[in-house]
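Shown below is the structure under consideration.
Below, chains carry the letters A, B, ... as their sequence lines are ordered, and counting in each starts from 1. Just so it is clear, the values below take in all heavy atoms, side chains as well, and ignore hydrogens, waters and symmetry mates.
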Number of protein chains: 2
Amino acid sequence: MTPTDKHTESKIFDAATEIFEEKGLAAARMQDIADRAKINKALLHYYFRSKEKLFMAVFDKLADKVFKKFSGIFEEDMPFEEKIRYFFKEHISFLQKNPRLPMFILAEISRNPRLLEKFLSKINISNIKTKISSDVSANLPEEAIPHLMVSIVSLSVFPIAAKPILKGILEQAGIEYNQFIKERMQVAPDFIISALKQYNVESKNNEKQ
Amino acid sequence: MTPTDKHTESKIFDAATEIFEEKGLAAARMQDIADRAKINKALLHYYFRSKEKLFMAVFDKLADKVFKKFSGIFEEDMPFEEKIRYFFKEHISFLQKNPRLPMFILAEISRNPRLLEKFLSKINISNIKTKISSDVSANLPEEAIPHLMVSIVSLSVFPIAAKPILKGILEQAGIEYNQFIKERMQVAPDFIISALKQYNVESKNNEKQ
DNA sequence: ATATGGTTTAACCGTTTGGTCAAATATAAG
DNA sequence: CTTATATTTGACCAAACGGTTAAACCATAT
């Protein structure tokens with residue numbers, strides 16, 4: 001392979017990523033991808049045999065990107081509170097750089113369940129669960145861990161995934177979206193940590209009874 | 001045809017709703033809609049002039065449905081804590097009956113910003129904000145209200161909107177999705193109320209300083 | 001310089017798509 | 001029954017789509 005090979009292939013791949021993220025698989029047009037990559041449409045089929053193959057390559061890469069960012073964060077060695085704050089800071093700033101990513105993944109999976117397998121195969125959920133578990137097991141019963149995880153992800157992903165609609169609503173109330181999201185990096189972990197502290201207060205009160 | 005048969009227009013509308021919710025605008029086929037409604041494809045254009053017009057009619061109806069359910073809940077006259085619990089119970093059970101609705105609205109809006117205007121025109125956000133504000137203004141500063149609202153919506157909508165992927169992950173961990181969502185009706189409001197209580201504790205401590 | 005093999009293109013192809021239309025059928029009114 | 005109007009259909013169309021092909025192009029090794 002010559003150096004120009006990689007060049008073209010990655011130009012196509014980058015263009016395809018943009019178009020697929022913007023429009024989704026069904027609405028994306030091979031001609032649009034070729035135009036954005038500034039190459040002939042036939043080249044798409046030369047490097048990636050079909051639209052579906054090209055899409056799969058893009059989806060795979062993006063799913064990998066999400067997964068690596070997600071799982072890496074909980075590897076860090078720090079106290080749980082700090083880890084929560086670190087997660088939101090890292091995760092929200094990552095999603096801000098890739099604002100279309102979460103909606104793309106969610107929407108495509110919900111319309112083609114076969115993509116789910118591809119996505120799940122990357123995640124070792126019990127691994128992450130064990131990590132969180134060891135962090136908070138002193139404070140939280142085992143059954144509550146998945147709920148905590150879902151709450152954390154909901155609070156970090158949703159405001160980015162729903163960006164267009166949330167931005168619209170906020171602006172109706174005179175609030176700027178980007179500023180709001182910046183605040184979220186502080187507000188959301190505060191919210192979670194407060195909830196957990198309160199939980200501890202309540203369980204200690206129950207123990208005393 | 002028996003007189004109990006639905007009128008053609010509503011048969012078309014119902015079929016279109018199903019297909020559009022399942023596949024989205026771009027992937028939906030007029031022929032599929034006609035097939036599901038068990039009528040000739042030309043009839044679609046007789047009652048609704050074009051695919052876009054039909055889609056707009058469906059989107060408008062569904063956006064209305066979401067909006068009415070959302071805004072109605074905070075009209076109720078009850079203490080704030082109880083209202084939060086009532087919101088999650090009502091909202092999650094509504095979304096469970098219409099599991100594709102949130103992802104449909106979010107995905108279509110994110111791909112066609114013109115739909116956002118249609119959606120926003122239905123919502124009077126400052127109205128809702130005022131209601132919540134009067135509920136919690138004694139306990140929470142004005143600036144925190146939008147964040148609380150976004151947190152509430154994130155925690156209620158995300159686990160339903162991301163159903164396929166969340167279901168997959170949960171099952172990998174041996175947890176059944178429907179049971180998990182049922183638990184959420186209790187866990188999520190607990191979480192929010194705990195966070196707010198803790199917030200009050202902290203602000204009272206700050207006042208003492 | 002030319003033969004070789006990977007790269008790029010314009011032109012083309014078969015199918016699918018949203019949409020149209022004239023004819024057929026059902027419904028209701030005179 | 002006859003006429004007028006509304007509904008339904010099969011056949012059809014032009015455009016758009018993903019995909020193919022043969023030829024042109026270009027770098028490099030001999």
Side-chain angles (χ1 to χ4, degrees), chain A residues 1-62 104 107-108 111-112 114-115 118, chain B residues 1-62 104 107-108 111-112 114-115 118:
Chain A
M1 291 200 186
T2 68
T4 54
D5 190 7
K6 279 282 176 197
H7 188 229
T8 305
E9 187 170 336
S10 90
K11 272 204 308 185
I12 292 174
F13 191 88
D14 292 348
T17 301
E18 287 179 30
I19 298 285
F20 281 135
E21 271 193 350
E22 264 175 44
K23 309 194 171 189
L25 170 61
R29 299 288 158 240
M30 293 297 264
Q31 189 60 59
D32 293 344
I33 295 173
D35 291 347
R36 185 157 312 188
K38 286 168 188 164
I39 49 96
N40 187 282
K41 184 173 67 114
L43 261 188
L44 299 183
H45 295 91
Y46 179 77
Y47 284 97
F48 305 84
R49 279 175 45 194
S50 67
K51 185 187 182 184
E52 210 201 316
K53 290 248 168 63
L54 175 54
F55 174 81
M56 284 301 179
V58 168
F59 181 86
D60 210 60
K61 180 86 172 286
L62 292 183
F104 170 76
E108 295 301 328
R111 263 151 211 177
N112 181 2
R114 280 191 304 135
L115 294 174
K118 220 178 175 61
Chain B
M1 289 223 184
T2 67
T4 54
D5 270 14
K6 262 189 223 163
H7 262 125
T8 306
E9 186 169 338
S10 93
K11 275 204 309 186
I12 292 174
F13 191 88
D14 292 348
T17 301
E18 287 179 29
I19 299 285
F20 281 135
E21 270 193 349
E22 264 175 45
K23 310 196 170 187
L25 170 61
R29 298 289 159 242
M30 293 296 266
Q31 189 61 59
D32 293 345
I33 295 173
D35 290 347
R36 185 157 312 188
K38 287 169 187 164
I39 48 95
N40 188 283
K41 183 173 70 109
L43 260 189
L44 299 183
H45 296 89
Y46 178 78
Y47 283 97
F48 304 85
R49 279 174 44 195
S50 67
K51 185 187 182 184
E52 211 201 317
K53 291 250 167 64
L54 175 55
F55 175 80
M56 284 302 179
V58 168
F59 182 87
D60 210 61
K61 181 85 172 288
L62 292 183
F104 170 76
E108 295 302 327
R111 264 152 209 176
N112 180 3
R114 280 190 303 136
L115 294 174
K118 220 177 174 63

Quiz item: Side chains of A:Lys11 and A:His7: closer than 4.5 Å at any heavy-atom pair?
Solution: yes
Quiz item: OP1, OP2 of C:dG18 versus side-chain N and O of B:Arg29: anything below 4.0 Å?
Solution: yes
Quiz item: Of the nucleotides D:dA6, D:dC17, C:dG19, which has the atom closest to the B:Lys51 side chain?
Solution: C:dG19
Practice problem: Could you state the atom-to-atom distance from NE2 of A:His45 to P of C:dA10 in whole Å? | Solution: 16 Å
Quiz prompt | Contact under 4.0 Å: B:Thr8 side-chain N or O vs D:dT7 OP1/OP2 | solution = no
Exercise. Give one of base, sugar-phosphate or nothing for A:Ala34, where a contact means two heavy atoms less than 4.0 Å apart.
Key: nothing
Quiz item: Between atom OH in A:Tyr46 and atom C1' in D:dA23, what is the gap in whole Å?
Solution: 15 Å
Exercise. Please work out if A:Ala26 contacts a base, only the sugar-phosphate, or nothing of the nucleic acid, heavy-atom cut-off 4.0 Å.
Key: nothing
Quiz item: Atom CZ of B:Arg49 and atom P of C:dC21: how far apart are they, to the nearest Å?
Solution: 12 Å
Quiz item: Within this structure, what is the CD1-to-C1' distance between A:Ile19 and D:dG18, rounded to whole angstrom?
Solution: 16 Å
Exercise. Would you kindly give the CG-to-P distance between B:Leu44 and C:dG19, to the nearest whole Å?
Key: 10 Å
Quiz item: Please give, in whole Å, the distance from D:dT8 C1' to B:Phe48 CZ?
Solution: 16 Å
Quiz item: Taking the side chain of B:Leu43 as heavy atoms from C-beta outward, which of D:dG18, C:dT9, D:dT9 is closest to it?
Solution: D:dT9
Quiz item: Which of these nucleotides, C:dT9, D:dG19, C:dG19, is closest to any side-chain atom of B:Ser50?
Solution: C:dG19
Quiz item: Going through the checks in order, is the side-chain contact (heavy atoms from CB on, under 4.5 Å) test met by B:Ile33 and B:Lys41?
Solution: CA-CA 8 Å; B:Ile33 295 173; B:Lys41 183 173 70 109; over 6 Å; no
Exercise. To the nearest Å, give me how far apart CG (B:Asn40) and P (C:dG18) are.
Key: 14 Å
Quiz item: With a 6.0 Å cut-off on ring centres, are B:Phe20 and B:Phe55 close enough?
Solution: yes
Quiz item: Which nucleotide, C:dA10, D:dG18, C:dT17, lies nearest any side-chain atom of A:Lys41?
Solution: D:dG18
Quiz item: Looking for any heavy atom pair under 4.0 Å, which part of the strands does B:Tyr47 touch: base, sugar-phosphate only, or nothing?
Solution: sugar-phosphate
Exercise. Nearest 0.5 Å please: distance from the NE2 atom of B:His45 over to the NZ atom of B:Lys53.
Key: 11.0 Å
Quiz prompt | Taking every non-hydrogen atom, the tightest pair across A:Leu25 and A:Glu108 | solution = N-OE2, 3.1 Å
Quiz prompt | Rounded distance (Å) that lies between atom P of C:dT8 and atom NZ of A:Lys38 | solution = 16 Å
